[in-house]
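In what follows, chains carry the letters A, B, and so on, assigned in the order in which the sequence lines appear, proteins first and then strands, with residues in each chain numbered from 1.
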Amino acid sequence: MRLATWNINSVRLRVPLLQQMVAEFAPDVICLQETKTADEFFPHDDMAAMGYDHRVIWGQKSYNGVAILSRLPLTDFQKYDRCGKADCRHISVRLPDGTVLHNLYIPAGGYEADVKINPKFQHKLDFVDEMTAWWPLQPKGKKILVGDLNIAPLEHDVWDSKKMQRVVSHTPEEISRFSAMQKSVGWIDVAREFTPHDEKLYSWWSYRAADWDAADRGRRLDHIWVTPELKDRLRACITPRTMRHWKPPSDHVPVIVDFKD
DNA sequence: ATGGTCGATATTCGA
């Protein structure tokens with residue numbers, strides 16, 4: 001099984017890019033974030049035409065929104081309010097082998113890394129804390145967590161860790177919470193199983209850079225985690241940087257994992 | 001030290 005996660009930054013605008021992605025990588029399951037559309041406008045026909053007959057979506061006008069497209073049957077679709085908001089950031093399904101797949105879009109957290117003046121940063125920290133407490137309450141068994149987690153935890157998940165200490169996505173406050181969530185049920189960071197920790201690895205580059213490729217001030221914000229039962233089934237994981245060159249690009253590229261059957 | 005760009009939408013907000 002091949003599984004992709006991608007912050008697509010408007011699913012309606014980027015149907016052609018999704019088609020190109022499917023032509024090149026042919027994932028069996030695709031998890032999307034920031035679909036940015038109400039469910040009634042979701043481009044179901046385009047997805048069905050690519051063979052994704054099984055789809056679950058949870059979107060709203062303009063902001064956030066998550067979706068799972070699959071060639072495999074999906075059951076037990078659930079939507080989760082987080083931090084008391086029904087803001088379309090977390091859904092889950094069960095795959096045919098029983099694995100529960102969670103698709104998350106953690107809040108970006110605004111600009112100032114200071115909860116006293118930035119409620120969005122507080123929301124982000126609260127969201128991660130809520131998830132940390134929630135995972136151990138879930139039934140035991142195989143789980144996959146994917147999504148735009150909006151935190152780059154490791155030194156080489158950002159272009160300059162020292163310079164980014166007070167930049168939202170790489171602050172100690174976020175990273176300590178991120179680590180606590182990871183430890184909650186022993187989540188395995190799949191991309192770093194295949195790319196050494198001392199090697200730079202990014203999934204996002206700002207739209208604002210004059211030349212994102214040359215500047216290469218990226219961050220690894222998008223993640224695939226699995227519970228330990230699935231570790232032996234991991235075969236490969238790629239983050240296709242080349243997709244950041246496709247037009248018109250999302251500011252994120254997918255992370256794609258292959259599982260042994 | 002500053003400003004730079006997107007997308008959805010409405011002339012601003014969130015990233």
Same cluster (ILVMFWY, side-chain, under 4.5 Å), A:Ile68 and A:Leu72: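 Yes; tracing contacts between hydrophobic side chains, which count when under 4.5 Å, links both residues.
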
B:dC6 to B:dT2 separation - P atoms, rounded to the nearest Å: 23 Å

Rounded C1' spacing from B:dT9 to B:dA15 in Å: 15 Å

Rounding to a whole Å, what distance do you find between [X]:[atom1] and [N]:[atom2]?
X	N	atom1	atom2	result
A:Asn9	B:dA15	CG	C1'	8 Å
A:Arg14	B:dC6	CZ	P	10 Å
A:His252	B:dG14	NE2	C1'	12 Å
A:Lys124	B:dA15	NZ	P	10 Å

Presence of A:Arg244 side-chain N/O under 4.0 Å of B:dC6 phosphate oxygens OP1/OP2: no

B:dT9 OP1/OP2 closer than 4.0 Å to side-chain N/O of A:Lys61: no

Tabulate atom names and distances for all N/O pairs under 3.5 angstrom spanning the protein and nucleotides 1-4 of chain B.
| unit_1 | atom_1 | unit_2 | atom_2 | d |
| --- | --- | --- | --- | --- |
| B:dG4 | O6 | A:Arg208 | NH1 | 2.7 |

Side chain to side chain donor-acceptor pair (under 3.5 Å) partners of residues 111-122 of chain A, not counting sequence neighbours, each pair once: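 Residue pairs passing side chain to side chain donor-acceptor pair (under 3.5 Å), neighbours aside: A:Gln122-A:Asp126.
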
Proximity to the side chain of A:Ser62 - top-ranked nucleotide from B:dG7, B:dT9, B:dA15: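 Nearest nucleotide to the side chain: B:dT9.
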
A:Tyr63 side chain, from C-beta outward: closest of B:dC13, B:dA15, B:dT9: B:dC13

Matching residue for A:Asp189 among A:Lys183, A:Arg220, A:Lys231 - test: salt bridge (Lys or Arg N to Asp or Glu O under 4.0 Å): A:Arg220

Short side-chain donor-acceptor distance under 3.5 Å, A:Asp222 and A:Ser203: yes

Six-ring centre of A:Tyr52, A:Arg71 cation under 6.0 angstrom, axis tolerance 45°: yes

Whether A:His102 and A:His90 hold their rings parallel, tilted or perpendicular, with breakpoints at 30° and 60°: tilted

Toward the 5' end of DNA chain B, by each residue's nearest nucleotide, A:Lys36 or A:Gly109: A:Lys36

Salt-bridge criterion met for A:Arg244 and A:Asp213 (N-O under 4.0 Å): no

